[in-house]
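Structure first, then comments.
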Amino acid sequence: MKKLVMERVSCHVTERCNLRCKMCSAFIPKLYELGNVPEYDMDDIKNSFKTYFNLVERVRMISISGGEPMLHPRLVELLEFLLQYEEAYAKLEIFTNGTLIIPEPVLEVMSKSEKMSLFIDHYGPQISTKIEEIKALCEKYHVKYKIRIYYGEDMHMGGWTDRSFLTEKLCPAKAKEHFNKCFSSNMFTIFGKYMAFCPMPYIGHNIGAIPESDVLGMSLADDETTLEEKYAKLVEISNVDFNPGCAWCNGLGIYENVERFVPGEQVRKE
């Protein structure tokens, strides 16, 4: 069976988070408000990656995110598992928000591969209070890291954009325009057993903003579907010229002069 070469796959290991950012792209505050905060089963995640690597010859980048990945109690297990497939990816990055000390077992696993690195979002000294300690630990374990500044005059991209969903669907022409302009319109993301073509419609469905019928993706855990059938489905999704979830999207900052907001601003925890 011929395999695909892909640019990127992300994985949300949990939607639990110790922050409640107003403009969170994963809608963490809303999930907590609804009492629906998924923590994806690690066995499901590992099985999904196993299937993924049976369908894909190579992927440039794997991103582990959430939520806050450091809150998943079995994160080390996932990283050990992904080490077995090191030849199938060029880079693996783990996102964190700079508020938690990285567990040393996580750093120990990361130190085993030059391909693994930590991606730290820095929301300023009042929020991301553990930056210096994280840096010191990374240097101790010889783990590569990158800090993305989200405060002050030089904040990344000038701040966040409003990612809220529309209450009425866009017309097909405007939705297609969004799809063609969006940098993330083909950013496959694994959520447990399911892999979405774009994470936003899947997240929108989780908070009741988007109907399930407009979420484009596939199950990686369907035992009644052969690998060949899964591969055919993945090829079909990869080659689509439109994502129905784009009809609910406000544009995610793809247009010029869009309003920017201070990243990491907190809403009160319940």
Side-chain angles (χ1 to χ4, degrees), residues 1-13 25-26 40 44-65 82 85-93 95 115 161 163 165-166 168-206 209-255:
M1 182 179 71
K2 187 177 179 180
K3 294 184 177 182
L4 290 172
V5 175
M6 302 190 76
E7 178 66 17
R8 183 178 189 134
V9 65
S10 296
C11 175
H12 281 221
V13 292
S25 61
Y40 302 101
D44 289 341
I45 295 172
K46 288 164 59 178
N47 286 334
S48 287
F49 268 114
K50 182 177 180 180
T51 299
Y52 180 81
F53 289 125
N54 279 324
L55 302 175
V56 173
E57 180 177 340
R58 187 169 176 80
V59 59
R60 186 187 68 82
M61 173 70 79
I62 296 175
S63 297
I64 307 298
S65 62
L82 291 173
Y85 295 91
E86 193 176 9
E87 296 304 313
Y89 55 86
K91 295 180 181 180
L92 186 151
E93 60 186 10
F95 283 79
K115 294 182 177 182
T161 59
R163 295 196 171 203
F165 297 105
L166 302 174
E168 294 185 10
K169 291 183 73 170
L170 293 171
C171 69
K174 191 66 175 178
K176 188 69 175 288
E177 179 183 322
H178 279 196
F179 177 82
N180 290 331
K181 284 179 175 286
C182 185
F183 72 95
S184 62
S185 60
N186 183 343
M187 196 168 77
F188 285 94
T189 303
I190 293 171
F191 298 89
K193 298 179 180 181
Y194 189 82
M195 184 166 68
F197 177 73
C198 171
M200 296 308 294
Y202 183 89
I203 292 167
H205 174 61
N206 272 356
I210 294 179
E212 186 176 10
S213 58
D214 285 340
V215 179
L216 181 61
M218 60 183 288
S219 171
L220 292 172
D222 183 0
D223 293 334
E224 296 182 2
T225 305
T226 66
L227 275 178
E228 288 76 14
E229 290 169 328
K230 287 185 174 74
Y231 178 77
K233 181 67 173 179
L234 181 56
V235 170
E236 176 188 339
I237 294 173
S238 299
N239 292 328
V240 296
D241 59 5
F242 178 62
N243 177 4
C246 292
W248 299 96
C249 180
N250 72 4
L252 300 183
I254 60 178
Y255 300 104

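Relative ring orientation between Tyr40 and Phe191 is described as perpendicular, the plane-to-plane angle rising above 60° on a 0-90° scale split at 30° and 60°. Using the six-membered ring where Trp is involved, Tyr52 and Phe49 have ring planes that are perpendicular, over 60° apart on the 30 and 60° scheme.
No donor-acceptor distance shorter than 3.5 angstrom exists from the side chain of Arg163 to the backbone of Asn250, with no hydrogens or angles considered. Between the side chain of Tyr89 and the main chain of Leu82, a donor-acceptor pair closer than 3.5 Å is present. Between the Lys115 side chain and the Glu86 main chain, a donor and an acceptor come within less than 3.5 Å of each other. Judged purely by atom type and a 3.5 angstrom limit, Ser48 uses its side chain to pair as donor or acceptor with the backbone of Gly192. When atom types are taken as modelled, the side chain of Thr189 and the backbone of Met187 share a donor-acceptor pair closer than 3.5 angstrom.
Scored by the salt bridge (Lys or Arg N to Asp or Glu O under 4.0 Å) test, Lys176 finds no partners at all (sequence neighbours excluded). Residues satisfying the salt bridge (Lys or Arg N to Asp or Glu O under 4.0 Å) test with Glu177, not counting sequence neighbours, are Lys174. For Lys50, there are no salt bridge (Lys or Arg N to Asp or Glu O under 4.0 Å) partners at least two apart in sequence or on another chain. Partners of Arg60 under the salt bridge (Lys or Arg N to Asp or Glu O under 4.0 Å) rule, at least two apart in sequence or in another chain, are Glu7. In this view, Glu236 and Lys233 satisfy the side-chain contact (heavy atoms from CB on, under 4.5 Å) rule, not counting sequence neighbours.
The number of heavy atoms from other shown groups lying within 6.0 Å of NZ (Lys193) does not exceed 12.
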Which atom pairs, one a donor and one an acceptor, fall under 3.5 Å between side chains of residues 211-220 and the rest of the protein, sequence neighbours left out?
| residue | atom | partner | partner atom | Å |
| --- | --- | --- | --- | --- |
| Asp214 | OD2 | Lys169 | NZ | 3.3 |
| Asp214 | OD2 | Trp248 | NE1 | 2.8 |
| Ser219 | OG | Ala221 | N | 3.1 |
| Ser219 | OG | Asp222 | N | 3.3 |

